[in-house]
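To keep things clear, I will list the structure first and then write my remarks on it.
Letters go in sequence order (proteins before strands), and every chain restarts at 1.
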Amino acid sequence: MIKNIFYKEWLKIRWAYLARGLLFAGAIIYVFASVGHSYKFYEAASYWYNIIFRGVKFYTTLRYLPLLAGLVVAAVQFVPEIQRKRIKLTFHLPVDEYNVLLVMAGIGFVSLLAMFGVYSLVFLLVGYTYFPAEIVHSAFLTMVPWYLLGLTTYSLASYVILEPLWKRRIFYILFAVGFGKLFLYGWFYNIYDRVLIGMLILTILLSVSVIYSGHRFKKGVFK
Amino acid sequence: MLVIYRIVCENCLCCKHSKHITKRKCMEYAVECRNLTHYYGDKKVYENMSFNIKTGSILGLLGKNGTGKTTTINILNGFLEPKAGECFILGENSQYLSPETKSKVGFLLEGHIQYDFMNIYQIEKFYSQFYPQWKKEPYYELMSKLKITEKQKISTMSCGQQSQVALGLILAQDPDLMIMDDFSMGLDPGYRRLFVEFLAEYGKAENKTIFVTSHIIQDMERLIDDVVIMGYEGVLHSSSMDYFMNHFRQYDFQVKNGPVNLTKDDVITNYDRVKNHASVYSFKSPEDVKKYLKDKGIAYDNFREVPMTLEDAFIGITGKY
């Protein structure tokens, strides 16, 4: 079943995946091109001083990309499902409906995780050539909440899209916006270090939220 | 009461795909609905509606817009929970269909909706993995008649072409029960005729049970064995097509004496009056209707029975408005 559902979902997300990949690649190239440019025009020691003691972040370009990626994947996966209530076809497949939803959400979640993993690795490897390990690791840990935001955004966006009623969707969107801001609060290095595990657990718990919307859709709720 | 037992029924047409069944005994009815009641908020759709679909027959659900046809389809497929009552599909409660039973039910959504981001090869490849008895030959035979390019997405096809894809997928699935919601929607006469003739032949040849709804009544006339007609009050009539067409009659006459108070009752199912010309619809014989009019003190002239098509009979029983 997983292989078959993956085939369907891949047909939906492959172009968005490519576009996201190019965007992320372009962003990382831009970030380190800017670093190289700064090295040429300012002394490296002076540049490092600003990073370490003044909290200058050379990677701010990447801040909202995971959020955007999460929104895009959720949209390309689930908007076609609710158009003309096409998800009835998915629910009619000879498999358990909630398992299908979990697999669909799992595919989107894992594809995002894989992408974030690859680009984190690229960021770390390229970063090591410009900065000492301490700066690169600190930057990475500061970015982790942004990746978690991307995954959470995907889960909540899927949940909102599948919800049958508009007034509930609006309520959920407002909740999601408020909740998402928690991941972007503060602008200091390693500010989320002590709560990262909690945020990770929340992200994982929210990843199955799409089942509730699917259940409401299946029951035909209208108010 | 649900009786669970094992029987060997190798020769049974209704369970030819399995030697043993653990649900109900070999089924006389592929679909059973009992005392269905549903409301959308305070708006009643219907109350205590019951009907059955005999295994191997084709039943048409006719009704005006808003009488609950799609609501019934949604309940049958488990997409809507009725306020009361229950439906059984191949012996299972429709709210809790097992994957095995779902594999035996072919479902055509209103508008022939499919995964239209796929092309015909991708969609066949996707569905074929789910159904053990998948037969790709009838699907590709039907697809060979389509004038499309190899990689053309279903979303770029015409309504008629999309309907052919949807029909082909159901044929390839080879289900025991086919549920088709408004199968003729958006189709031109040629495609509608193709659909109807194909379904009729396929249903009879393979002993399939087919449940259809459509607004194009003349298509239903060629296709269905049994009919359920729904009105805003619920089920108006349920019987075989033969019985309905042979017993439901229209009588026209000229009214001779002034205003006439016609009412719906045991004799008059429905009526229509334009100045002195009256039409009454009834399951009674001409003699019974004439006696009824006499008893009511209605003087009439030119009393005659009017031959009806299924569409005429449908409008007769449901009314024009």
Side-chain angles (χ1 to χ4, degrees), chain A residues 1-19 72-73 75-104 107-108 162-165 167 212-223, chain B residues 38-43 45 70-71 73-83 89 95-119 121-123 125-134 153-155 162 166 169-170 173 175 179 181:
Chain A
M1 187 241 302
I2 293 176
K3 198 174 93 174
N4 302 336
I5 301 295
F6 178 82
Y7 177 67
K8 173 167 85 76
E9 297 307 303
W10 177 247
L11 288 176
K12 282 190 279 182
I13 68 175
R14 55 186 173 163
W15 298 118
Y17 206 83
L18 180 65
V72 166
V73 175
V76 297
Q77 261 197 287
F78 290 98
V79 167
E81 296 288 338
I82 60 149
Q83 284 174 331
R84 303 174 80 188
K85 300 188 179 173
R86 195 169 279 114
I87 195 154
K88 288 181 182 178
L89 293 172
T90 304
F91 285 156
H92 188 69
L93 291 171
V95 289
D96 181 84
E97 299 93 346
Y98 301 117
N99 284 348
V100 165
L101 276 180
L102 271 180
V103 170
M104 286 170 68
I107 287 166
L162 265 189
E163 165 57 43
L165 299 176
K167 56 183 178 187
Y212 181 63
S213 296
H215 174 76
R216 282 172 53 77
F217 191 101
K218 195 176 166 328
K219 288 300 166 194
V221 294
F222 70 101
K223 73 167 181 185
Chain B
H38 197 66
Y39 288 76
Y40 288 113
D42 296 328
K43 181 177 178 297
V45 180
T70 300
T71 298
I73 298 268
N74 285 334
I75 292 171
L76 281 177
N77 284 292
F79 300 136
L80 187 61
E81 196 170 12
K83 289 287 180 264
I89 304 288
Q95 297 299 306
Y96 310 104
L97 292 176
S98 67
E100 190 197 344
T101 298
K102 283 200 277 183
S103 72
K104 296 178 188 170
V105 181
F107 180 39
L108 182 77
L109 275 172
E110 186 178 3
H112 312 106
I113 295 165
Q114 273 300 337
Y115 295 118
D116 54 10
F117 51 87
M118 298 187 187
N119 61 39
Y121 301 102
Q122 290 168 336
I123 202 167
K125 182 181 171 184
F126 170 70
Y127 276 115
S128 63
Q129 308 298 317
F130 287 99
Y131 299 98
Q133 63 248 34
W134 187 263
K153 289 204 188 328
I154 294 169
S155 60
Q162 289 181 9
L169 290 169
I170 290 182
Q173 184 191 335
I179 299 175
D181 191 6

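By the 4.5 Å heavy-atom criterion applied to side chains, A:Ile5 and B:Phe130 are counted as neighbours. The side-chain heavy atoms of A:Lys88 and B:Asn77, taken from C-beta on, include no pair separated by under 4.5 Å.
Judged by distance alone, the side chain of A:Lys8 and the main-chain N or O of B:Met118 form no donor-acceptor pair under 3.5 Å. Side-chain atoms of B:Lys102 never come within 3.5 Å of backbone atoms of A:His92 as a donor-acceptor pair (strictly under, hydrogens ignored).
Annotation: maximal heavy-atom pairing with chain A below 4.5 Å, among B:Ile75, B:Leu97, B:Val105, B:Ile123, occurs at B:Val105. Put simply, of A:Lys218, A:Arg86, A:Glu97, A:Glu81, the one with the most heavy-atom pairs under 4.5 Å next to chain B is A:Arg86.
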Checklist entry - Do B:Tyr127 and A:Leu93 pass the side-chain contact (heavy atoms from CB on, under 4.5 Å) test, and can you show the C-alpha distance, the side-chain angles, and the key distance before you say yes or no? => result CA-CA 9 Å; B:Tyr127 276 115; A:Leu93 291 171; 3.7 Å; yes

Item to check | A:Lys219/B:Gln95 under side-chain contact (heavy atoms from CB on, under 4.5 Å): CA gap, chis, key distance, verdict | outcome: CA-CA 9 Å; A:Lys219 288 300 166 194; B:Gln95 297 299 306; 3.9 Å; yes

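Cation-pi geometry between B:Lys125 and A:Tyr7 is satisfied (NZ or CZ under 6.0 Å from the ring centre, within 45° of the ring normal).
The part of A:Asp96 that comes within reach of chain B is its backbone (N, CA, C, O), which places non-hydrogen atoms under 4.5 angstrom from that chain. Heavy-atom distances place the side chain of B:Phe117, and not its backbone, under 4.5 Å from chain A. Of the two parts of A:Lys3, neither the backbone nor the side chain holds a non-hydrogen atom closer than 4.5 Å to a non-hydrogen atom of chain B.
Taking CG of A:Leu11 as the start and CZ of B:Phe126 as the end, the distance is 9.5 Å to the nearest 0.5 Å. Distance check, rounded to the nearest 0.5 Å: CD1 of B:Ile113 to CG of A:Leu89 gives 7.0 Å.
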